[in-house]
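Contents: one structure, followed by commentary.
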There are 2 protein chains.
Amino acid sequence: MTEKAVARSRGAEEAEERADAERNRGRLLGLLGYFLRRADVYTFQSFNAHMAEDRISPGQLGVLLMAEANPGINQTRLGKALGIDRSTLVAMIDLLESRALVARTPSATDRRSHALKLTRQGEAFLKAMQPRLARHEAELARNLSAAERRLLMDLLARIAPS
Amino acid sequence: MTEKAVARSRGAEEAEERADAERNRGRLLGLLGYFLRRADVYTFQSFNAHMAEDRISPGQLGVLLMAEANPGINQTRLGKALGIDRSTLVAMIDLLESRALVARTPSATDRRSHALKLTRQGEAFLKAMQPRLARHEAELARNLSAAERRLLMDLLARIAPS
DNA sequence: TATTGTTATACTCTATAACTATA
DNA sequence: TATAGTTATAGAGTATAACAATA
């Protein structure tokens, strides 16, 4: 390394230091809401990166998993469980139904509502995307032990009501 | 309570149980991403409820706090620190500037960039909204001890890279 | 009267690509 | 050539209000 290169390198380091100084996060580092938002944005991006070939959003996966766990549930109840307005749910389910992953079947007891069910293809879809979902989850928890991951989920559950 | 009232109450309980059964969250309860998203949605709603009179979004507050901690920072660097694209930042800063909370001042060293600074009114704004921000943060942490809150922030920081 | 699904509509947040003025 | 700010534009995601069918 020539003296000039060293000087240039020194200059670059100082610029880095200055950049670091200019990235002081100040009071943000005392705000729980800030860390939550950062973690959620990261999670959303990781989800999309890992699940790209599945062409599904986190919300859509939520609908599929709710239909799997609650066969016959209606749209309003499913929306309440996930915190999604029922008007928002219509297009989401339209899309899942167009891919034949869920079916709107007639309710036996209430002709206003649809009984949602995962189709065979929906089951196959969940099975096929499982390894990618696992890799996404593993990336989120890459710096956490199993116990820490469980602890984090418990702490988060205490922020959002049930 | 009459027998009829008891019967009605029993019926209501059973309906509740049925509703609960139909709200089985299934595999969602094993997904860290699910808890993160729920907590973040709750946080966003709490923020808006508590800060309504301040007419500010979480992202805008982030910009103000970064300008406070890094007087003279430019837009691109601020955006990178918060994970916001610089094109997105333009309208956010336009809005904050129209309320005279931040100022775009000429950079001494680079005429392409703006040196962002919190104005006096921006400082006053941060001071005035402080109690409401504190109440919002207190609501988030309402079920957490101080140690648990700190722990949660540490765990979240390990998900999103600094 | 109330509720389910639906539609129309609008608002927020965000990113990509291309432009301009500087470096 | 590369970078800072900007604009135009588009895509998600979401909510509110109102309507028809049904309870």
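The sequence lines fix the lettering, A, B, ..., with proteins before strands; numbering per chain opens at 1.
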Quiz item: Do the side chain of A:Asn70 and the main chain of B:Asn24 share a donor and acceptor less than 3.5 angstrom apart?
Solution: yes
Exercise. Please check if the side chain of B:Glu97 supplies one atom and the backbone of B:Asp94 the other of a donor-acceptor pair under 3.5 Å.
Key: no
Using the 3.5 Å cut-off, write out each protein N or O paired with an N or O of nucleotides 17-23 of chain C and the distance between them.
from	atom 1	to	atom 2	distance (Å)
C:dA23	OP1	B:Arg111	N	2.9

For atom [atom1] of [X] and atom [atom2] of [N], their distance in whole Å:
| X | N | atom1 | atom2 | value |
| --- | --- | --- | --- | --- |
| A:His114 | C:dT3 | NE2 | C1' | 14 Å |
| A:Leu95 | D:dT14 | CG | P | 14 Å |
| B:Arg37 | D:dT14 | CZ | C1' | 11 Å |
| B:Ile84 | C:dC13 | CD1 | P | 10 Å |
| A:Leu89 | D:dA15 | CG | C1' | 13 Å |
| B:Gln75 | D:dT7 | CD | P | 11 Å |
| A:Asn74 | C:dT6 | CG | C1' | 14 Å |
| B:Asp94 | D:dG5 | CG | P | 12 Å |

Self-check item: Close side-chain approach of A:Glu137 to B:Tyr34, heavy-atom, < 4.5 Å
Solution: no
Quiz item: Is it true that atom CZ of B:Arg142 has more than 12 heavy atoms of other residues, nucleotides or ligands lying nearer than 6.0 Å?
Solution: yes
Quiz item: Does the side chain to side chain contact (heavy atoms under 4.5 Å, CB included) test come out yes or no for A:Val63 and A:Leu96, once each step is laid out?
Solution: CA-CA 9 Å; A:Val63 172; A:Leu96 295 173; 3.7 Å; yes
Exercise. On DNA chain D, check which nucleotide each of B:Ser113 and A:Pro58 is closest to and give me the residue with the more 5' one.
Key: B:Ser113
Quiz item: Is the shortest side-chain N to carboxylate O distance from B:Arg132 to B:Asp54 below 4.0 Å?
Solution: yes
Practice problem: Indicate, with a heavy-atom threshold strictly under 4.0 Å, whether A:Ser107 touches base, sugar-phosphate, or nothing. | Solution: nothing
Quiz item: Any N or O donor-acceptor pair linking the side chain of B:Thr88 to the base of C:dA15 at under 3.5 Å?
Solution: yes
Exercise. Please work out whether the ring planes of B:Phe47 and B:His136 are parallel, tilted or perpendicular, with thresholds of 30° and 60°.
Key: perpendicular
